[in-house]
Amino acid sequence: MRHLRLASCGSTNDEAKRRLGEGLVPPFLVSTAEQTAGRGREGRSWSHPKGNFAGSFALTPPQLLKDEPGLASLLSGLSVIEALQHFGASEADLQVKWPNDVLLAERKVAGILAEMVSKSEEIAFVIGIGVNLVQPPREARFPAAAVFSKDSAPDEAAFGDMLAEKLLQSMAFAQENGSAALRSRFKARAWRIGQSIAIGSGQGAASGLFEDIDPHGRILLRLADGSFRTISAGDVSHG
Ligand SMILES: O=C(O)CCCC[C@@H]1SC[C@@H]2NC(=O)N[C@@H]21
């Protein structure tokens, strides 16, 4: 995948969107050594200590993801896990925290901000990914950690290239095998599936049993009275 490596920028998501607007054709990756105004989900900011990975992948989604954009979040978290495993991260300890945080031994090591851009009939995804390769952020809502020590961490640009490969493979897998196969890969690695969780979201707070992921990529929550509720966005924590 074409990789534009910057020395510094505000937010790689904004840089990727700007280039799409200028007519650069996806797929491409914009990554940066220094990010000064990184954005997180739900309007939060994302800090970028030196040596961590920050990059945004502009991708043309296959039909399945155009129909079900919620699945892109699931697929992105799984791709981060695969890229980390490639560089020797401990496979057994890596999990996805719905919708797309990546945890190592229950601590957040990566966050993803997936955005959709449409221009006339064309749709592109900008999937912004921050990975704590060597340092956790200074302040974090959820306990955070780094994946590697400074001596064993991969080069950030090489990590971006590997992640690009894994994202393209995961998109092809999803298109060929369908939503159920993708969701079952996600569920095999999902933090607290089958256990009680709480979710704070724009739809209001809810708690219950994390029962399943529905075909749209939403959480299916079983409430205390036995009824079900689907949630499409929010922050999961222990119930
Ligand atoms: O956990 C989150 O809230 C999502 C964090 C996403 C951070 C990445 S870093 C690269 C890209 N550029 C941004 O401004 N945000 C994403």
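Indexing begins at 1, ligand by ligand and atom by atom, following the structure's order. Along the sequence shown, residues carry numbers from 1. All values reported here derive from a predicted model rather than from experimental measurement. Note that these values count all heavy atoms, side chains included, but never hydrogens, waters or copies made by symmetry.
Residue contacts with ligand 1 leave out Glu42, since none of its heavy atoms falls under 4.0 Å from the ligand. For His48, the closest heavy-atom approach to ligand 1 does not fall below 4.0 Å.
Atoms of ligand 1 found under 4.0 Å from any heavy atom of Arg41 (numbered from 1 in listed order, with element): 2 (C), 3 (O), 4 (C). Taking a cut-off of under 4.0 Å to the non-hydrogen atoms of Gly40, the atoms of ligand 1 that pass are 2 (C), 3 (O), 4 (C), 5 (C). Short contacts between ligand 1 and Ser11, defined as distances under 4.0 Å to a heavy atom of the residue, involve ligand atoms 12 (N), 13 (C), 14 (O). If you number the atoms of ligand 1 from 1 as listed, the ones under 4.0 Å from a heavy atom of Arg39 come out as 5 (C), 6 (C), 7 (C), 13 (C), 14 (O), 15 (N), 16 (C). Which parts of ligand 1 touch Gly38 is read off a 4.0 Å heavy-atom cut-off, strictly below it: atoms 14 (O). Residue Lys108 has at least one heavy-atom neighbour below 4.0 Å for each of these atoms of ligand 1: 1 (O), 2 (C). Close approach to Thr12 involves these atoms of ligand 1, each under 4.0 Å from a residue heavy atom: 10 (C), 11 (C), 12 (N). Every atom of ligand 1 is numbered from 1 in the order shown, and the set under 4.0 Å from a heavy atom of Asp101 is 1 (O).
Qualifying ring-ring contact (aromatic ring centres under 6.0 Å, His included) partners for His216, counting only residues two or more places apart in sequence or in other chains: none. Not a single ring-ring contact (aromatic ring centres under 6.0 Å, His included) links Phe228 to another residue, sequence neighbours left out.
Of all the heavy atoms in Ala174 and Leu75, the pair that sits closest is CB-CD1, 4.0 Å. Closest heavy-atom contact between Gln35 and Ser11: OE1-CA, 3.5 Å.
The ring of Trp191 has its center closer than 6.0 angstrom to the ring center of Phe142.
A salt bridge does not link Asp212 to Arg183: none of the charged nitrogens lies less than 4.0 Å from a carboxylate oxygen. Ion pairing between a basic and an acidic side chain is recognised when a charged N comes within 4.0 Å of a carboxylate O; Arg18 and Glu15 show such pairing. Using a cut-off of 4.0 Å between Lys/Arg side-chain N and Asp/Glu carboxylate O, Lys17 and Glu115 are scored as salt-bridged.
Atom 9 (S) of ligand 1 has as its closest protein heavy atom Gln35 NE2, 3.4 Å. For atom 4 (C) of ligand 1, the closest heavy atom belonging to the protein is Ile112 N, 3.4 Å. Looking only at protein heavy atoms, the nearest one to atom 8 (C) of ligand 1 is Gly130 N, 3.6 Å.
Counting heavy atoms from C-beta outward, His238 and Ile197 have side chains that stay 4.5 Å or more apart.
When only interatomic distances are considered, the shortest N/O to N/O separation between Trp46 and ligand 1 does not fall below 3.5 Å.
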